[in-house]
Amino acid sequence: MAAGAQTTANTTAVWTDLTKLAPMVWVEGARIAVEEIQPVMDLYDVDPLSEFNRDYGSIADGGFGNTIDAGADYQASFNNQGDTLSLTVVKRGAMFTITEDLVDGNKYREIRIGMQSLGARLFNSRARDATHVGFTFAFSSSYVDADGKTITGSAVAKGTEPIFDDTHTMADASTFDNELADTAIGEPGVRNLEDLTVDFVDENGDLVSWGLGGKILVTSFDVPMQHAALRLTTQSFQYQNSNRDINPFSDQRAHGGAFTHLPLAYLATTAAGKRDSTKDKYYFVLDRARTKKCMIFGNHTNPTPMGPYRDIYNAGHLWQSKTRYDIGNLYAHHGAGCPATT
């Protein structure tokens with residue numbers, strides 16, 4: 001037989017080899033996806049199933065100690081319970097079939113890409129959902145996802161207020177603001193966002209020590225936004241200023257207060273994860289430690305490969321992946337946001 005005209009017999013040995021190799025290729029696709037989307041997951045408190053609690057309550061974490069006179073008892077403090085969050089349950093799945101036609105046609109490149117895509121798809125879904133709940137649609141109390149399901153993104157009070165809002169109502173009826181009206185990114189915008197954070201209080205009415213956990217400036221991958229954020233967080237002199245005055249947001253500063261830049265892949269996307277330029281200019285300031293107390297991701301089931309199963313319709317081997325998680329926000333003390341359009 002002439003070179004290049006060889007075909008591979010659809011034998012038991014071939015299927016056995018594919019069965020052994022397919023999970024390895026799935027893992028490779030998953031690894032690549034995790035590296036690309038992990039930044040948003042790092043903002044959440046990811047609770048494994050062994051620690052998972054369906055209902056989460058916000059609780060005061062500030063306060064001060066009391067003077068104890070000689071021989072006197074310690075004074076017990078009480079951390080007020082705030083609002084309770086019921087998380088939105090999400091189950092997602094994906095499937096890929098290695099058909100006999102793919103094997104007979106020596107289409108191993110397509111098989112590899114298909115299994116890698118299966119490995120990446122659900123990790124991408126988790127990152128998309130986490131980004132949409134926490135940021136993209138966080139100026140509304142809920143949104144309809146790509147499959148027509150209503151996802152609750154609200155926080156605080158009666159569960160009807162967006163995560164970023166100008167009149168948040170706490171359990172004790174006090175209010176605070178963590179939304180800035182449409183303002184282009186730059187020193188004034190970031191400064192105004194940061195200024196909103198000094199008024200955050202917990203359920204005891206004590207000031208929240210915002211920013212001590214590491215400040216983050218979040219943007220989309222929009223090129224002008226990335227360039228602006230890069231200048232704001234790295235150059236020592238002020239952005240958009242000719243006098244070379246100190247840049248108070250730069251991570252090059254030797255003392256506290258500086259921001260690091262975190263672009264999120266799915267920030268400027270539709271509910272389906274498609275490109276949405278209307279959200280290109282959104283930006284947020286966050287306290288990384290605070291996000292771990294506010295943003296909850298209950299991880300029931302990691303994306304895992306399942307199979308192979310015999311596909312009776314195309315004589316192939318069927319592979320599946322599934323994941324299940326709950327997602328939501330307890331309250332809005334983790335930062336402030338701006339739905340800018342320019």
Side-chain angles (χ1 to χ4, degrees), residues 30-59 61 82-94 119-147 149-156 159 161-164 178 213-214 216 218 220 262-267 269 271-273 282 284-304 321-335 337:
R31 183 190 64 78
I32 295 171
V34 168
E35 290 179 355
E36 293 177 347
I37 56 85
Q38 191 60 38
V40 69
M41 302 307 302
D42 285 341
L43 296 175
Y44 278 80
D45 178 14
V46 181
D47 285 353
L49 185 59
S50 60
E51 302 175 5
F52 185 71
N53 179 3
R54 176 72 185 280
D55 290 330
Y56 288 79
S58 57
I59 187 170
D61 59 355
D83 303 291
T84 299
L85 170 73
S86 293
L87 304 178
T88 299
V89 180
V90 180
K91 178 184 178 183
R92 300 205 182 278
R121 204 171 302 167
L122 295 185
F123 285 100
N124 291 341
S125 296
R126 288 152 68 99
R128 181 197 63 185
D129 292 347
T131 305
H132 284 177
V133 168
F135 303 100
T136 303
F137 296 99
F139 297 101
S140 302
S141 58
S142 66
Y143 72 98
V144 178
D145 72 4
D147 300 303
K149 307 296 184 182
T150 298
I151 305 296
T152 300
S154 59
V156 208
E161 296 179 350
I163 299 165
F164 299 98
N178 72 334
I216 305 171
V218 171
S220 72
L262 179 65
L264 296 181
Y266 296 108
L267 177 56
T269 61
Y282 284 15
F284 308 81
V285 298
L286 306 175
D287 179 336
R288 185 179 290 277
R290 281 277 157 192
T291 67
K292 295 289 187 180
K293 295 182 179 180
C294 302
M295 303 171 69
I296 309 296
F297 191 96
N299 190 29
H300 286 274
T301 307
N302 278 320
T304 51
S321 291
K322 73 173 181 179
T323 184
R324 187 191 295 270
Y325 47 89
D326 291 6
I327 188 170
N329 278 262
L330 273 175
Y331 47 96
H333 293 154
H334 60 297

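Just so you know, these numbers come straight off a predicted model, no measurement behind them.
Atom CG of Leu267 is separated from atom CZ of Phe137 by 10.0 Å, given to the nearest 0.5 angstrom. In this structure, CG on Asp145 lies 5.0 Å from CZ on Arg92, to the nearest 0.5 angstrom. For the atom pair Tyr331 OH and Arg290 CZ, the distance stands at 5.5 Å (nearest 0.5 Å). Between the CG atom of Asp45 and the NZ atom of Lys293 there is a distance of 11.0 Å, given to the nearest 0.5 Å. We find the OG1-CE distance between Thr131 and Met41 to be 8.5 Å, quoted to the nearest 0.5 Å. One finds the CZ atom of Arg128 at 10.5 Å from the OG1 atom of Thr136 (value rounded to the nearest 0.5 Å).
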Practice item. For the pair Thr323 and Arg126, evaluate side chain to side chain donor-acceptor pair (under 3.5 Å) and give the outcome as yes or no after the intermediate values. Key: CA-CA 9 Å; Thr323 184; Arg126 288 152 68 99; 2.9 Å; yes
Exercise for review: Check the pair Lys149 / Asp129 against salt bridge (Lys or Arg N to Asp or Glu O under 4.0 Å), numbers first and verdict last.
Suggested key: CA-CA 12 Å; Lys149 307 296 184 182; Asp129 292 347; over 6 Å; no
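Partners of Ser220 under the side-chain hydrogen bond (donor to acceptor under 3.5 Å, both in side chains) rule, at least two apart in sequence or in another chain, do not exist in this structure. A search for side-chain hydrogen bond (donor to acceptor under 3.5 Å, both in side chains) contacts involving Thr291 returns nothing, not counting sequence neighbours.
The aromatic rings of Phe139 and Phe284 sit parallel, their planes meeting at an angle under 30°, below the 60° perpendicular limit.
Shortest non-hydrogen contact noted between Ala30 and Phe123 is CB-CE1, 3.4 Å. Of all the heavy atoms in Ile163 and Val133, the pair that sits closest is CD1-O, 3.2 Å. Looking at every heavy atom in both residues, Gly213 comes nearest to Ala289 through CA-CB, 3.6 Å. Here the closest non-hydrogen pair linking Tyr44 and Lys292 is O-NZ, 2.9 Å. Smallest separation of non-hydrogen atoms from Pro162 and Ala138: CB-O, 3.4 Å.
Lys322 contributes no side-chain N or O that, together with a main-chain N or O of Leu122, makes up a donor-acceptor pair within less than 3.5 Å. Side chain of Asn178 to main chain of His334: no donor-acceptor pair is present (N/O by atom type, distance under 3.5 Å, no hydrogens or angles).
Under the 6.0 Å cut-off for aromatic ring centres, Phe135 and Tyr282 do not qualify, their centroids lying 6.0 Å or more apart.
Side-chain contact between Asp42 and Leu262: absent, with no pair of heavy atoms (C-beta onward) separated by less than 4.5 Å. In this structure, the side chains of Val46 and Tyr325 stay at 4.5 Å or more apart for every pair of heavy atoms.
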